Amino acid sequence: MQDTVHIDTLIEARWIIPVDPQQSILNHHAIAINQGKIIGIQPINNAHSRFKAREIIALNNHALIPGLINLHTHAAMILMRGLANDLPLMEWLNKHIWPTESRHVNTSFVLDGTRLACAEMLRGGITCFNDMYFFPEASAQAVLDSGMRASLGMIAIDFPTAYANDADDYLAKGMALRDRLYSEPLLSFCFAPHAPYTVSDKTLTNILTYAEQLEVPIHIHLHETLDEINLSIESHGVRPIERMHQLGLLSPGLIAVHMVHLTDNEIRLIKQHGCHTVHCPSSNLKLASGFAPVTSLLDNNINVGLGTDSAASNNRLDMFEEMRLAALLAKASTNQADALPAHQALEMATINNARALGIDEITGTLASGKAADITAIDFSDLHLSPCYDPVSHLVYAAGREQVSHVWVNGKMLLEDKKLTTLDSTQLHNRAAYWEECIKSTA
Ligand SMILES: CSC[C@H]1O[C@@H](n2cnc3c(O)ncnc32)[C@H](O)[C@@H]1O
Ligand SMILES: [Zn+2]
């Protein structure tokens with residue numbers, strides 16, 4: 001007879017989907033959580049004899065999955081959602097987004113925008129995101145307020161903004177922030193040079209040196225559009241991936257976002273160097289950037305994660321949408337119905353993303369010893385009944401509206417669809433304020 005173990009929380013569920021290659025789906029099991037960590041996953045009856053929980057949450061018609069991770073976003077840009085639509089990337093950036101950013105983006109914009117984005121992401125079952133934006137100290141504050149996990153970009157872009165004067169200033173500010181918040185358990189950092197067309201060789205080389213010293217990943221937009229590739233050939237004589245290769249940036253520390261226009265040789269290089277890639281299907285479709293060769297990347301055992309990009313180009317921060325689109329696009333673009341099956345889409349949104357961020361020992365699957373970053377999906381709606389395969393429903397039939405509960409590091413941040421850390425009324429008021437500001441200068 002084993003001793004009873006006193007724990008914080010026991011969550012019972014109809015299905016537990018660990019997204020762990022060693023584990024299949026578990027029916028009528030419970031997850032035991034103590035001090036922020038998963039300490040056991042057992043059949044419900046066994047769990048009750050083994051654990052005495054301060055709080056028991058019975059989710060009898062729900063699935064529990066690892067918290068979804070958004071591997072590429074610019075959270076604060078949610079305040080520009082719907083501002084400029086139906087445009088290709090360069091026109092969208094040059095004529096609309098960059099002028100608006102230059103007029104309005106400051107600490108308070110980023111704080112309000114990132115809080116609003118955290119609210120949307122939590123309501124959609126996202127527990128962690130990888131961000132790239134100006135004033136990351138304000139993003140950090142919003143993330144801490146929300147209780148989410150995040151990786152923040154130490155950004156660099158070779159033009160001055162209200163945030164920094166030049167590349168060295170951007171990097172100094174980013175690294176000072178990292179030094180200050182280094183011990184925050186839910187925060188991590190990436191270097192985030194914006195893109196090949198906005199960052200010089202010198203800045204990229206400096207970033208590489210710092211990234212190697214500090215053992216921090218580099219997060220960059222890469223091969224997003226044909227315009228980007230043509231610009232690189234005009235300015236540098238080579239395509240962007242070749243340039244990154246020449247500069248020494250291709251490595252397992254690189255998180256390359258978009259990766260839309262790739263030759264076989266470029267795929268070989270990415271594989272050889274163990275780079276991580278991020279597929280952003282909605283953003284690529286909406287900006288007409290093209291179709292990333294995701295199936296070829298996966299067939300070459302390249303790690304492919306999933307991201308939303310910003311709410312200004314997507315226009316949602318919805319990882320259910322990205323999983324479904326990734327799966328459907330892979331099938332249509334290869335004429336293979338078995339390309340990118342549902343479970344693989346779920347892996348991309350969880351463990352693949354955690355691996356890219358170097359936090360796969362902490363999160364990305366449901367297993368004993370990992371942080372309790374958990375998303376519960378309610379299967380009671382009519383469109384999810386009957387259910388032969390919960391993973392199929394998660395990717396092809398369910399949506400973020402079915403997310404009922406979210407825990408990060410054992411703390412419940414969404415309870416019965418209600419945010420526990422962020423104030424929705426305040427978020428509405430601040431969004432209305434920014435709408436007026438931006439409209440007044442349009
Ligand atoms: C240096 S902060 C981030 C910078 O990136 C811009 N941005 C947003 N979405 C995209 C995209 O899809 N491709 C390239 N750049 C993008 C954003 O407006 C900020 O200026
Ligand atoms: Zn982006």
Side-chain angles (χ1 to χ4, degrees), residues 70-81 83-85 87-106 109-110 113-114 117 129-139 151-167 169-171 173-174 177 190-200 203-204 207 218-229 231-232 240 255-261 277-290 292 305-317 322 438:
N70 183 355
L71 191 56
H72 175 69
T73 192
H74 314 272
M77 290 181 76
I78 197 167
L79 294 174
M80 292 182 278
R81 171 158 46 204
L83 188 72
N85 299 287
L87 297 164
L89 175 74
M90 295 301 179
E91 194 179 340
W92 178 77
L93 280 175
N94 286 314
K95 294 204 180 143
H96 301 273
I97 297 300
W98 282 339
T100 307
E101 286 179 338
S102 76
R103 280 194 288 266
H104 296 287
V105 172
N106 58 26
F109 178 102
V110 176
T114 309
F129 63 100
N130 185 27
D131 201 49
M132 178 197 285
Y133 211 56
F134 307 104
F135 299 97
E137 61 279 7
S139 322
S151 151
L152 300 171
M154 296 182 275
I155 62 165
I157 191 161
D158 276 332
F159 58 72
T161 61
Y163 171 57
N165 300 319
D166 56 27
D169 193 21
Y170 280 101
L171 291 176
K173 288 193 161 109
L177 180 69
C190 283
F191 282 100
H194 169 252
Y197 49 94
T198 51
V199 186
S200 68
T203 304
L204 288 168
I207 287 176
I218 300 176
H219 170 205
I220 186 169
H221 295 105
L222 191 59
H223 279 228
E224 181 172 5
T225 61
L226 282 175
D227 287 339
E228 171 192 330
I229 293 170
L231 271 174
S232 175
I255 304 175
V257 185
H258 295 304
M259 302 297 271
V260 171
H261 302 280
T277 62
V278 191
H279 183 34
C280 300
S282 297
S283 178
N284 294 161
L285 288 168
K286 186 157 185 284
L287 298 168
S289 301
L306 270 184
T308 59
D309 218 339
S310 80
S313 69
N314 181 304
N315 292 5
R316 303 175 181 187
L317 302 177
E322 303 309 315
I438 291 174

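No experiment lies behind these values; they were computed from the predicted model shown. Ligands are counted one by one from 1 in listed order, and the atoms in each one are counted from 1 as well. This chain uses plain numbering: 1 for the first residue, then up along the sequence.
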Counting from 1, what ligand 1 atoms have a heavy atom of [X] closer than 4.0 Å?
X    : answer
I97  : 18 (O)
W98  : 18 (O), 20 (O)
H258 : 12 (O)
Y197 : 14 (C)
L89  : 11 (C), 12 (O), 13 (N), 14 (C)
M77  : 8 (C), 17 (C), 18 (O)
D309 : 9 (N), 11 (C), 12 (O)

Exercise. Indicate whether the side chain of Y133 and that of E101 have a donor and an acceptor atom separated by less than 3.5 Å.
Key: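 There is such a pair between these side chains.
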
Quiz item: Taking atom types as modelled and ignoring hydrogens, do the side chains of N70 and E322 form a donor-acceptor contact shorter than 3.5 angstrom?
Solution: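 There is no such pair between these side chains.
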
Exercise. Give the intermediate values and the outcome of side-chain contact (heavy atoms from CB on, under 4.5 Å) for residues M259 and V278.
Key: CA-CA 7 Å; M259 302 297 271; V278 191; over 6 Å; no

Do [X] and [Y] make a side-chain contact, defined as non-hydrogen atoms from C-beta onward lying under 4.5 Å apart?
X    : Y    : value
N85  : K286 : yes
S102 : T161 : no
F129 : T114 : yes
T225 : P88  : no
E224 : L287 : yes

Closest protein heavy atom (residue, atom, distance) for [atom]:
atom                    : value
atom 13 (N) of ligand 1 : E224 OE1, 2.7 Å
atom 1 (C) of ligand 1  : I155 CD1, 3.8 Å
atom 9 (N) of ligand 1  : H74 NE2, 3.4 Å
atom 15 (N) of ligand 1 : H194 NE2, 2.7 Å
atom 18 (O) of ligand 1 : E101 OE2, 2.8 Å

Quiz prompt | Contact flag C280/the Zn ion (ligand 2), N/O/S atoms, threshold under 2.8 Å | solution =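 C280 does not place any N, O or S atom closer than 2.8 Å to the Zn ion (ligand 2).
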
Quiz item: Would you call the rings of H221 and H72 parallel, tilted or perpendicular, where under 30° means parallel and over 60° means perpendicular?
Solution: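 Perpendicular, since the angle between the ring planes exceeds 60°.
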
Practice problem: Pick one of side chain, backbone, both or neither for how F135 approaches ligand 1, counting any non-hydrogen atom pair under 4.0 Å. | Solution: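 Under 4.0 Å from ligand 1, F135 contributes no heavy atoms.
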
Self-check item: D309: its N/O/S atom lying closest to the Zn ion (ligand 2) (atom name)
Solution: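 Considering only N, O and S atoms, D309 comes nearest to the Zn ion (ligand 2) through OD1.
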
Quiz item: So what does the H72 NE2 - the Zn ion (ligand 2) - H221 NE2 angle come to, to 10°?
Solution: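 Reported to 10°, the angle equals 100°.
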
Practice problem: Under the side chain to side chain donor-acceptor pair (under 3.5 Å) rule, what do T308 and N314 come out as? Steps first, then yes or no, please. | Solution: CA-CA 7 Å; T308 59; N314 181 304; 4.8 Å; no

